[in-house]
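Input: a single structure, listed below in structure tokens.
Letters A, B, ... mirror the listed sequences (proteins, then strands); counts begin at 1.
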There are 2 protein chains.
Amino acid sequence: MEEIDRAIVAALTVDGRLSYTDLAEKVGLSVSAVHQRVRRLEQRGVINGYAARVSFEALDLPLTAFVAIRPFDPSQPDDAPERLAHLPEIDSCYSVAGEDFYLLLVRVAGPADLERVLQEIRTAANVTTRTTVVLSTPYEGRPPKIDLDPRTRVRPRTNGEAG
Amino acid sequence: MEEIDRAIVAALTVDGRLSYTDLAEKVGLSVSAVHQRVRRLEQRGVINGYAARVSFEALDLPLTAFVAIRPFDPSQPDDAPERLAHLPEIDSCYSVAGEDFYLLLVRVAGPADLERVLQEIRTAANVTTRTTVVLSTPYEGRPPKIDLDPRTRVRPRTNGEAG
DNA sequence: GCTGAAAAACCTCTACC
DNA sequence: GGTAGAGGTTTTTCAGC
């Protein structure tokens, strides 16, 4: 992706409600041009949507936990993500390398709720769970590092490639 | 928090760019009243900000990893989060129960970049690392479950409390 | 805290380069 | 791809309840 588009995306990850006027000023284009670029970024799926960043404590979801899962029967088809998607307590689902198959990020009201969700996860996906409780969250969901300079930009490099 | 405020927050976690006009229609209040409530929610920190949801692949950050850390010397003051905050590759930092002290969510361009970041983490916070690579992300950052009905709402309950 | 209205700012589209 | 301008909508503020 190109420089100005990256600057637009970077600005919108910091403040998703920036007006097109402010965006235009930031990247040095006209309002219409910026608007056009944002619409293209949305269409191409570079921008998937916008969300408010909220305090989960204030929403009565003060307990966060990571739940690592692996199937009871590894020979069965592995469709855990779809089987678990209906559980609203699951914030994220990552397929991971290592001993576990998936790592889930879960948010609940308290221990009793966590117990219920773990049972629902086990029965819905036929898996065992290993849970790590989050005690506090120093920071979360920070804006990603977006390199704006095309010359210093790090391109992913496989291990075997020469420098 | 009260019912209408919860409805407002719920709507903004799904679409952070909803206009006050649309919000007002959704929750059945006037535009001014909704605007006032949103400003209060922002002031009280219930809403911390707004962000675009982006494709990290498109931003040349296709490699995600969880990095569990624990100090070399457990007797030293534990200020890892502050010591690591300057690293833009770290998306989130969770203090966790269990064998590790913190769990970091890291996003980088590729393996070479991950190696560099791991070294920076180790030297900056004087910790050992154990890394779990994310292979794919079925879903991430879904809107939280916000119970709107004050009668069914689950209040956090300690284990010893009677039902 | 809510309503309603008015002014300012913004969004969106069209015409043109 | 870009700019510029016009018209409709939204944001924001304020008086009144």
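- Here the side chains of A:E25 and A:L18 are not in contact, with every heavy-atom distance at 4.5 Å or above.
- When side chains are defined from C-beta on, B:I4 counts as touching B:E2, because their heavy atoms get closer than 4.5 Å.
- For B:Y50, there are no ring-ring contact (aromatic ring centres under 6.0 Å, His included) partners, not counting sequence neighbours.
- The outermost nucleotides of DNA chain C lying under 4.0 Å from heavy atoms of chain B, listed 5' to 3', are C:dG1 to C:dA5.
- Looking only at side-chain heavy atoms (C-beta outward), B:T137 and B:V134 come within less than 4.5 Å of each other.
- With sequence neighbours left out, the ring-ring contact (aromatic ring centres under 6.0 Å, His included) criterion links A:Y102 to no other residue.
- Counting heavy atoms from C-beta on, the side chains of B:R116 and B:V108 never come closer than 4.5 Å.
- Contact of the A:F72 side chain with the A:V127 side chain is not registered, since no non-hydrogen atoms from C-beta on lie closer than 4.5 Å.
- Of all the residues in residues 39-50 of chain B, B:R40 reach under 4.0 Å from DNA chain C with at least one non-hydrogen atom.
- In terms of position along DNA chain D, the nucleotide closest to A:R37 lies nearer the 5' end than the nucleotide closest to the other residue of the pair A:R37 and B:Q36.
- Using a 4.5 Å cut-off on side-chain heavy atoms (C-beta onward), A:I47 and A:L12 make contact.
- Against DNA chain D, the stretch residues 4-31 of chain A makes heavy-atom approaches under 4.0 Å through A:L29, A:S30.
- Residue B:L84 forms a side chain to side chain contact (heavy atoms under 4.5 Å, CB included) with just one option from B:I121, B:D79, B:V67, and that option is B:I121.
- The shortest side-chain heavy-atom distance between B:M1 and B:R44 falls under the 4.5 Å cut-off.
- In the 5' to 3' direction, nucleotides of DNA chain D lying under 4.0 Å from heavy atoms of chain B begin and end at D:dT10 to D:dT13.
- Both tests do not hold together for A:R39 against A:Y20: distance to the six-membered ring centre under 6.0 Å, angle to the ring axis within 45°.
- A:Y94 does not carry B:R107 over the face of its six-membered ring by the limits of under 6.0 Å from the centre and within 45° of the normal.
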